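Everything numeric in this text was worked out from a predicted model, so none of it was measured. In each ligand, atom 1 is the first atom listed, and ligand 1 is the first ligand listed.
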Amino acid sequence: MASKFQAPRGTFDVLPEAARGRARVEATAAGILARAGYEPIQTPSFEDTDLFVRGVGRSTDIVSKEMFTFEDKGERSLTLRPEGTAPICRAYLEHGMHKLAQPVKLSYVGPFFRHERPQAGRYRQFHQIGLECIGTDSPLADAEAIMLLSDLLGELGVPGVELRLGSLGSLGARVAYLEELKAHLHAHEGELSEDVRERIDLNPLRAFDSDHEGTQAVMASAPTIVERLEGEDAEHFAEVRAQLDAAGIAYAIDPTLVRGIDYYTRTIFSFVCDALGAQSEVGGGGRYDGLIEQLGGPATPAVGWAVGIERILLALGEDFEGTPRAQRVFISFDHEGEDGRRALVLASELRRAGFAAEFDLAGRAAKGQLKHANRIGADFVVFLSVEGGPALRDMRSGEQRPVDLGNLVDEMTGGEA
Ligand code: HAM
């Protein structure tokens with residue numbers, strides 16, 4: 001039945017079949033992150049707009065073009081969260097987590113919102129799984145974070161994944177490099193896209209991300225920050241690389257790697273997947289040593305990442321098996337008598353024993369119930385209201401036999417329950 005209403009552009013419904021795939025992705029991540037000591041956190045779906053303006057950066061595409069911003073009835077400007085790191089840093093400060101033992105290791109999963117041009121792998125409401133490790137500048141935290149994302153993609157079996165690694169240096173050390181880069185861009189202004197030209201002084205690093213041919217040619221001869229790293233920044237990056245090498249995690253150094261958010265310092269990384277086409281990044285992140293201070297807190301180094309659930313599912317393709325279903329039992333009974341009550345109680349017992357159990361709620365006659373059991377893919381049907389006492393039918397073999405309800409579970413599992 002068509003209605004004039006549809007899910008808004010760039011959004012989608014998750015129907016039950018698809019929900020099982022998502023559930024498996026989320027459960028796999030929850031297991032991996034919990035075993036590494038990450039604890040889940042949930043923050044609201046919207047925040048003060050200023051949190052993102054300050055945190056993500058005014059000159060980024062996210063803040064300048066992509067936020068769903070609205071005014072509430074008290075004329076406060078609020079924004080549907082486009083990303084999760086700034087909100088988690090807000091929560092870290094708001095709840096005094098800097099007084100806890102450091103680092104504080106948090107994980108999250110949930111919806112995010114960006115007003116982007118929709119295409120495969122790019123939506124206006126999408127879902128991320130992420131982690132933030134706040135309160136340490138140890139390169140081991142970077143390497144471990146990368147390892148956890150690599151483990152997640154590996155355990156799910158995401159094919160053709162490649163890790164790109166870069167470093168942006170610390171904020172202070174970046175100043176001289178940015179001047180050098182701006183000078184290079186100004187020297188080639190005429191060859192740059194309008195977008196990049198307008199942002200030379202505001203956000204010169206983004207020029208590396210441009211898909212404009214002229215700009216790309218200019219960037220091919222641009223100085224890169226990886227070549228300019230020195231002192232502690234260079235040591236930090238070397239240490240992260242050595243740790244990844246020791247862990248056997250393959251990566252390619254990408255000196256032109258930049259990310260679309262301003263808070264990054266030092267390590268940045270991106271997991272790309274060739275199955276994804278244009279939106280090739282499945283997940284990524286990096287270190288953001290200046291963000292908490294930027295939000296008004298004490299100087300607090302941190303590192304984290306987020307991965308797009310839709311992109312994982314897209315890369316895994318249609319054959320990806322979701323969370324396995326429990327064995328399904330349909331309890332058939334005669335609506336004329338009082339067997340509905342027995343069905344209710346039996347269903348509850350079976351569910352406690354780990355089965356998925358259902359019974360008819362639509363007043364169907366026996367034949368209709370069997371048809372329905374078939375339609376929902378029941379593995380077994382228990383007939384309560386048949387002559388000679390309850391019977392069990394194995395829907396795969398079609399074999400039916402009388403059953404003592406006290407032995408029902410054993411009968412269905414072959415005694416292996
Ligand atoms: P991000 O790179 O903006 O980083 O997003 C992370 C992931 O979210 C992307 O790799 C992609 O899989 C997914 N994603 C982003 N936009 C869309 C979209 N429009 N449609 C579908 N999927 C999308 C962050 O958000 C940072 N907060 C990551 C981070 C955490 N850095 C440090 N800690």
Exercise. Does the distance from a Lys or Arg side-chain N to an Asp or Glu carboxylate O, for D195 and R199, drop under 4.0 Å?
Worked result: yes

For this session: For E94, look at atom CD and say whether over 12 heavy atoms of other residues, nucleotides or ligands are found less than 6.0 Å away.
Result: yes

Exercise. Looking just at side-chain N and O atoms, do Q294 and Y288 make a donor-acceptor pair shorter than 3.5 Å?
Worked result: no

For this session: Give a yes or no on this: more than 12 heavy atoms of other residues, nucleotides or ligands lie within 6.0 Å of atom CZ of F320.
Result: yes

Seminar exercise, completed: Sorted by chain and residue number, the residues with a non-hydrogen atom under 4.0 Å of ligand 1 are E83, T85, Y108, R114, E116, G121, R122, Y123, F126, Q128, E132, R259, I261, Y263, Y264, E281, V282, G283, G284, G285, G286, Y288, G304, W305, A306, G308, R311

For this session: Please indicate whether R375 has more than 12 foreign heavy atoms, meaning atoms of other residues, nucleotides or ligands, lying under 6.0 Å from its CZ.
Result: yes

For this session: Step through the shown structure and confirm whether more than 12 heavy atoms of other residues, nucleotides or ligands are within 6.0 Å of CD on E189.
Result: yes

